[in-house]
K.L.:
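A single structure is presented below for examination.
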Amino acid sequence: MKKMMLGNEAVARGLYEAGCTFVSSYPGTPSTEITQYASDYVSIYAEWATNEKVAAEAAFGASLAGARAFSGMKHVGLNVAADPVFTAAYTGVNGGLVIAVADDMGMHSSQNEQDSRHYAVASKIPMLEPSDSQECKDFTKLAFELSEKFDTPVFVRLSTRISHSLGSVEISEPAPVEPREYVKNTQKYVMTPANGRPRHAEVEKHMEELGDWCETADINSVEWGTERKIGVVSAGIAYQTAREAFGDKASYIKLGMIYPLPVAIIQELAEKVETLYVIEELDDFIETHCKKHGISVIGKAELSPLGEYTPEMLRRLAGDSVPDVTHTITVPPARPPVLCPGCPHRGVFSVLNKMKLTVTGDIGCYTLGAAKPLDAMDMCLCMGASVSSLHGLLKARPEMARRSVGVIGDSTFLHSGITGLINIVYNRSAATVLILDNSITGMTGHQPNPVSGFTLKKEAAPVVNLEVLCRGCGVERVRVVDAFDMEGLEAALKEELAADEPSVVIMRRPCALVKTFKKGSPRTVEDCKKCKACLRVGCPALYTVGELIQVDQSLCMGCGLCSKICRFGAIKEGK
């Protein structure tokens, strides 16, 4: 039976068909839906972990117990998980262990554009890369087989376009997979130096065996074209783009295993075509491999290491004329991302902007607080960095302690902000940290976290008390403020910034898009004075007709923030 599936959905189907029974991940676009879809299968235990390191370690534990296990993450999440992942290459596995990493070429929802293929080389872990939804399912199943055959974790590399594109998938029911027996093996699984040295030798042996396997593996295929002028070596979404650009005239090597890479089939294609191109987005990974083995190819000398490729870019590379199709394309107006109507973060950043504070920011919806007109964030580096960076900022410039704060979301704080807060207390920074508690992981699609009260499987769960947690970290000054109470927040910040010790202000109000949000009455405007002060909060429900402000009743959530901003009382509560 065939079914249309997103790439991420197909990976989840592959987990089910492969007999995977344990999934632990942290949500991160473009990988999030894999775990969400996996949770729909009764035979799979699926959870959201507090961060990617925890998720990878939990998956390793399930593998150690003999189960087939999986962990999914986006590319920057692999940075967090790298510590256990690298060492898991040495220990090897019991039950198969598969790690999906989704790269974000073009930075559609990420702070950098790193190429995760380098992790495969650095960790000595094989990596597969599907080019459509069918391969997403098939390669996931194959990854478990390779993991158990070669005693190694296996990466499956995805990308935004593969993860979020629909494709036809042939589905089947899973074959029975018995969990492997757990046997204590100290030499294999306890990575002291004495045990690690012989395990490194095992890793090198497995990689050599995998290199031999990939030379004849059918997932690395040659597709001969009608002409022998152009040859292309590619993988994943770049292969699909090259096919669209060059059509059936060119010949292709479609690589399914991206590490280790084959040599013989690339050499064969190079000998039979006039020009061999390596089409790969981001870094010159495949190109470097080819040149290392003396294969003449054209790659990054003609193509950018930045962003995504289009068929038009590749046609120009080959010297083909590109038809002028601009007259048939309607370019949509720019639509920059913006905080939702009713978002509890909007009032917080309005106050921070008003007070002209230096703000170390973090990863989440609230990163939009950096955009105009709010313009209330000075940096955003990675998950948890707002807390740690604030400490470093204040140690370097103590005089900034009275006018600097860190801002972090509840999910991000639990992900990697706690250790930074402990560091602030231990090393005595008079730092003020704002935790924006909207009780959900908003940016990636409203996944629950330990303050939400329920799990991925919709089961009731204990709620982490952030106030008690912060006090347990050693912070004595902890207070909670309603995120819509702008006057209360300003007063609280003045008090906490004047204190000579660490403090935490928890801004609490649920996300406007969750079911528990209580929508207020939409606002109306009467006798507008045209001052436009309300527009400084950047609410998309506010718009202008000439010089007058109006409220879009279909968008307004009735939060009342604009009414508090308007000093003339022109914005009133409607029916």
K.L.:
Among L210, V121, D212, which one satisfies side-chain contact (heavy atoms from CB on, under 4.5 Å) with P260?
P.N.:
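Going through the options one by one, the only one that passes is L210.
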K.L.:
Would you check if there is a donor-acceptor pair between the side chains of Y90 and E202 at a distance under 3.5 Å?
P.N.:
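Not at all, the side chains of E202 and Y90 share no donor-acceptor pair under 3.5 Å.
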K.L.:
For the pair E9 and K3, find out whether any cationic side-chain nitrogen is under 4.0 Å from an anionic carboxylate oxygen.
P.N.:
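Yes, charged N to carboxylate O under 4.0 Å.
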K.L.:
Looking at residues at least two apart in the chain, or sitting in another chain, which of them share a salt bridge (charged side-chain N to carboxylate O under 4.0 Å, His left out) with D151?
P.N.:
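In terms of salt bridge (charged side-chain N to carboxylate O under 4.0 Å, His left out), with neighbours along the sequence ignored, D151 is linked to K188, R199.
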K.L.:
Regarding E17 and S172, do their side chains bring together a donor and an acceptor under 3.5 Å, going by distance alone?
P.N.:
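Per modelled atom types, E17 and S172 side chains form a pair under 3.5 Å.
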K.L.:
Please determine whether side chain to side chain donor-acceptor pair (under 3.5 Å) holds for the pair H75 and E113, giving the CA-CA distance in whole Å, both sets of side-chain angles, and the decisive distance to 0.1 Å.
P.N.:
CA-CA 8 Å; H75 59 299; E113 206 175 19; over 6 Å; no
K.L.:
Just checking K519: does its NZ atom have more than 12 heavy atoms from other residues, nucleotides or ligands closer to it than 6.0 angstrom?
P.N.:
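Yes, because the 6.0 Å sphere around NZ of K519 holds more than 12 heavy atoms from other groups.
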K.L.:
Would N112 and Q114 count as having a side-chain donor-acceptor pair, cut-off 3.5 Å?
P.N.:
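Yes, Q114 and N112 have a side-chain donor paired with an acceptor closer than 3.5 Å.
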K.L.:
Just one of S163, S110, S116, S159 clears the side chain to side chain donor-acceptor pair (under 3.5 Å) bar with D104, so which one?
P.N.:
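Only match with D104 under side chain to side chain donor-acceptor pair (under 3.5 Å): S110.
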K.L.:
Would you call R471 and E467 a salt bridge, taking side-chain N to carboxylate O under 4.0 Å as the test?
P.N.:
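E467 and R471: not salt-bridged.
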K.L.:
May I ask you to check whether over 12 heavy atoms, not counting those of E170, lie within 6.0 Å of atom CD?
P.N.:
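For E170, atom CD is crowded (more than 12 foreign heavy atoms under 6.0 Å).
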K.L.:
Any ion pair linking E52 and K74 (charged N to carboxylate O, less than 4.0 Å)?
P.N.:
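No, K74 and E52 are not salt-bridged.
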K.L.:
Salt bridge check: are R157 and D115 linked by an N-O gap of less than 4.0 Å?
P.N.:
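A salt bridge links R157 with D115.
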K.L.:
Quick test of your reading of the model: are R13 and E173 salt-bridged, counting only N-O distances below 4.0 Å?
P.N.:
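Counted as a salt bridge, because a side-chain N and a carboxylate O are separated by less than 4.0 Å.
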K.L.:
Quick check: are there more than 12 heavy atoms from other residues, nucleotides or ligands sitting under 6.0 Å from CD of E223?
P.N.:
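Check passes, neighbour count above 12.
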K.L.:
Among V98, V93, V177, whose side-chain contact (heavy atoms from CB on, under 4.5 Å) with F144 holds?
P.N.:
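Testing each of V98, V93, V177 against F144, the sole residue satisfying side-chain contact (heavy atoms from CB on, under 4.5 Å) is V98.
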K.L.:
Please report the C-alpha distance between Y309 and E280 in whole Å, then the side-chain angles of each, then the deciding distance to 0.1 Å, and finally whether the side chain to side chain donor-acceptor pair (under 3.5 Å) criterion is met.
P.N.:
CA-CA 9 Å; Y309 293 163; E280 56 183 332; over 6 Å; no
K.L.:
I'd like to know if R161 pairs up with E281 as an ion pair, taking the criterion as any Lys NZ or Arg NE/NH1/NH2 lying under 4.0 Å from an Asp or Glu carboxylate oxygen.
P.N.:
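Here R161 does not pair with E281 in a salt bridge, since their nearest N and O are not under 4.0 Å apart.
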K.L.:
Once the angle between the rings of Y119 and F86 is folded into 0 to 90°, is it parallel (under 30°), tilted (30 to 60°) or perpendicular (over 60°)?
P.N.:
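Judged by the thresholds at 30° and 60°, the geometry between Y119 and F86 is perpendicular.
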K.L.:
Let me see the working for T441 and Y26 under side chain to side chain donor-acceptor pair (under 3.5 Å), right down to the final yes or no.
P.N.:
CA-CA 10 Å; T441 309; Y26 182 83; 4.9 Å; no
K.L.:
Roughly how far, to the nearest 0.5 Å, is the CE atom of M105 from the CD atom of E308?
P.N.:
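Between E308 CD and M105 CE, I get 8.0 Å after rounding to 0.5 Å.
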K.L.:
Would you say the side-chain atoms of R346 pair up with the backbone N or O of L339, donor to acceptor, closer than 3.5 Å?
P.N.:
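Yes; at least one donor-acceptor contact below 3.5 Å.
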K.L.:
Let me confirm one number: the NE2-CG distance from H164 to L158, rounded to the nearest 0.5 Å.
P.N.:
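The NE2 atom of H164 sits 9.5 Å away from the CG atom of L158.
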K.L.:
Is the count of non-hydrogen atoms from other residues, nucleotides or ligands lying under 6.0 Å from E178 atom CD greater than 12?
P.N.:
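Not buried by this count: 12 neighbours or fewer within 6.0 Å.
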K.L.:
Is a side-chain donor-acceptor pair under 3.5 Å present for Y189 with N195?
P.N.:
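Distance-only check fails for N195 and Y189.
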